[in-house]
Amino acid sequence: MRATGEQQEVGRRQVVKWVAGGAIGIGLANAACDVLGGAPKEAKPPAREPQWTFALLDEDGGAKGVRHVPVVYQDGVIYVRSEKDGLYAVDAATGRERWRAPLAGARLGAPAVASGAVFVATDGGAVHALGTADGEPLWRQAPGSRLRTPSAGDVWTSGSVALVSFHPFTYDEDPHPPPSVLYALDARKGDQLWQTEASLLEVRDGLAYVNPPDGSLTALDPRTGAVRWSAPLEKSGGRCTLDAFAAGLLFGRNGILGIGSKLVAYDGRTGAVRWTAPAAHSSVPVAHGDAVYISGPGRSKRDEQQLQAFDAASGKLRWTAPAFSTRLYESPVIAADGDCAYLCWSEGSHEERTTLRAHDAAIGRERWRSTRHVTSSAAGGASGNRLFVCYLHDWYCHDTRTGEALWRVGAGQTISGPPPLAADGMLYFANDKGVHALRL
């Protein structure tokens, strides 16, 4: 898990999960929106100002490097990393700075919060533990300092263990790139417990799921590093992913992503394969409740892809709906809640167009759709029938029951990045200007 307690409920992975080739989200534009049933085209919805903004700008007005960084929420505090200034703790209710820790190379990877400490990794191979009350250092270790220009991934915690992978620098054409290395540290003192060559994917239910250098999906004991199980890779040059959880199972893809892979349902405790299904191109599965959704291939290469809904436990196909494309490497973005599965795709060589569509979760019937004339970027969802979509430089709030765009707020100059984080009736997001909060 990302951390103990509420972090698993309202943290970085707790919004409705949108995935597009490893990124959560979709993006559209601010052109006209056609609603199913002959409704008139939508104009821009009214703009809303954030309830508060925590500015992260240089003296010359330039951004301090937060545009692609997720915000983490825990116990009424927002934690956000700045490439130039380190880690900030911001009061989630008021937007006031509680403290700042000047950590060199503090960028990209998300911190973890547990047991009164926040753990953050920095480029150069270091891991820092700071007190959540005041940001004072508790310990610092540099297990990855001997790697070649290491960059840090997300930090995860499991009980009294903090885990992080460091990724050595490599050239794109390097025929033998150096592997990532996973380190496990005692969260109380920082002592190194073990290390292994692997990229950390997630920590959940007492297991650390990783990709070793061979690309397999492997489950490790977080305390000892012992292998609990390993799912082998079926095709050389591919890898296994970990994408979703439902019905006590975990779901990932096995194969050459973007060319040919299949959806696999694993028993999370044993690694036993429960069922499989074909996956189209770069399609990423999304799970909600007792269902799993993915874009599956048509019967022939010329057939359009299909949005497919499976029973998560048995793998029984519940329904299919037309997807969008026959082109290789293209796949839609999928999301789901208790009522609908949402599908979004971009197309067009001369005129860009992105279509968002909602399908009834039970039977697959299309409920509504909207089309905007631009390609996609990023989005996420929250409770209360709200769907947040980044249309170029604006976040739009959509009503998931109708597709209507209710309001919008500026997303900054960046057109990609993590989706907003919903917690305790508020919506938080970071862009090139800082961190912003709105009441839902």
Side-chain angles (χ1 to χ4, degrees), residues 1-15 17 19 22 24 69-75 77 79-81 87 103 106-123 125-130 132 138-144 150-167 179-212 217-228 240-245 250 252 268-269 418 421:
M1 59 186 68
R2 284 286 300 122
T4 58
E6 292 81 6
Q7 184 66 21
Q8 191 62 21
E9 299 300 324
V10 297
R12 177 172 52 88
R13 298 173 183 266
Q14 283 61 62
V15 293
K17 194 170 185 179
V19 188
I24 294 181
V69 177
V71 294
V72 172
Y73 173 94
Q74 183 74 32
D75 298 330
V77 180
Y79 299 92
V80 64
R81 302 177 63 170
L87 180 69
L103 306 174
R107 61 186 178 94
L108 298 181
V113 186
S115 303
V118 54
F119 305 91
V120 61
T122 56
D123 290 354
V127 180
H128 309 256
L130 310 169
T132 54
L138 302 177
W139 53 258
R140 176 189 180 277
Q141 295 288 352
S151 60
D154 295 351
V155 182
W156 296 77
T157 61
S158 177
S160 61
V161 181
L163 302 103
V164 63
S165 291
F166 286 97
H167 315 289
S180 298
V181 181
L182 168 62
Y183 298 94
L185 306 176
D186 186 298
R188 295 162 297 189
K189 299 180 180 180
D191 298 336
Q192 182 174 321
L193 303 175
W194 53 269
Q195 70 179 71
T196 188
E197 292 183 351
S199 295
L200 181 60
L201 303 176
E202 186 152 351
V203 178
R204 187 183 180 94
D205 298 330
L207 292 175
Y209 297 101
V210 305
N211 276 144
L217 177 62
T218 299
L220 306 178
D221 184 308
R223 186 68 191 177
T224 66
V227 175
R228 293 287 186 85
C240 296
T241 68
L242 179 58
D243 302 306
F245 299 85
L250 58 88
R269 307 305 302 179
L421 183 152

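Under a 3.5 Å cut-off, the side chain of W194 and the backbone N or O of P222 do form a donor-acceptor pair. Listed for the N211 side chain is no donor-acceptor partner under 3.5 Å among the backbone atoms of T241. Listed for the R204 side chain is no donor-acceptor partner under 3.5 Å among the backbone atoms of Y209. Looking at T196, its side chain never comes within 3.5 Å of a backbone N or O of A198 through a donor-acceptor pair. Under the 3.5 Å distance criterion, the side-chain polar atoms of S165 are left unmatched by any main-chain donor or acceptor of G153. One N or O on the side chain of D123 and one on the backbone of A152 form a donor-acceptor pair closer than 3.5 Å.
Every side chain to side chain donor-acceptor pair (under 3.5 Å) that S180 has, sequence neighbours left out, goes to H167, S199. Listed by chain and number, the residues in a side chain to side chain donor-acceptor pair (under 3.5 Å) with D191 amount to none (sequence neighbours excluded). Under the salt bridge (charged side-chain N to carboxylate O under 4.0 Å, His left out) criterion, R223 pairs with D186, sequence neighbours left out. Listed by chain and number, the residues in a side chain to side chain donor-acceptor pair (under 3.5 Å) with Q192 are Q195 (sequence neighbours excluded). Every residue meeting the side chain to side chain donor-acceptor pair (under 3.5 Å) condition with T218, not counting sequence neighbours, appears here in chain and number order: S216, S230. Applying the side-chain contact (heavy atoms from CB on, under 4.5 Å) rule to R140 yields the partners A126, H128, A142; only residues at least two apart in sequence or on another chain are considered.
Considering only heavy atoms from C-beta on, F245 comes within 4.5 Å of E202 through its side chain. Side-chain atoms of D205 and R269, non-hydrogen and from C-beta on, do get closer than 4.5 Å to each other. Inter-residue side-chain proximity for D154 and L200 is flagged as unmet; no heavy-atom pair is nearer than 4.5 Å. Between V127 and W139, the closest side-chain pair of non-hydrogen atoms falls below 4.5 Å.
Counting all heavy atoms, side chain and backbone alike, L103 lies closest to L87 at CD1-CB, 4.3 Å. Nearest approach of T157 to A114, heavy atoms of both residues: OG1-CB, 3.9 Å. The minimum heavy-atom distance between F119 and A187, with the atom names listed, is CE2-O, 3.5 Å. The two residues P150 and F166 have their closest heavy-atom pair at CB-CB, 4.1 Å. Minimum heavy-atom separation, A117 to L138: CB-CD1, 3.8 Å.
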Take V155 and L163 through the test side chain to side chain contact (heavy atoms under 4.5 Å, CB included) and record every step on the way to the result. CA-CA 6 Å; V155 182; L163 302 103; over 6 Å; no
Would L201 and L217 count as a side chain to side chain contact (heavy atoms under 4.5 Å, CB included) if you check the C-alpha gap in whole Å, the side-chain angles of each, and the deciding distance to 0.1 Å? CA-CA 9 Å; L201 303 176; L217 177 62; 3.8 Å; yes
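Among the candidates V120, V71, L130, V113, the single residue satisfying the side-chain contact (heavy atoms from CB on, under 4.5 Å) test with Y79 is V113.
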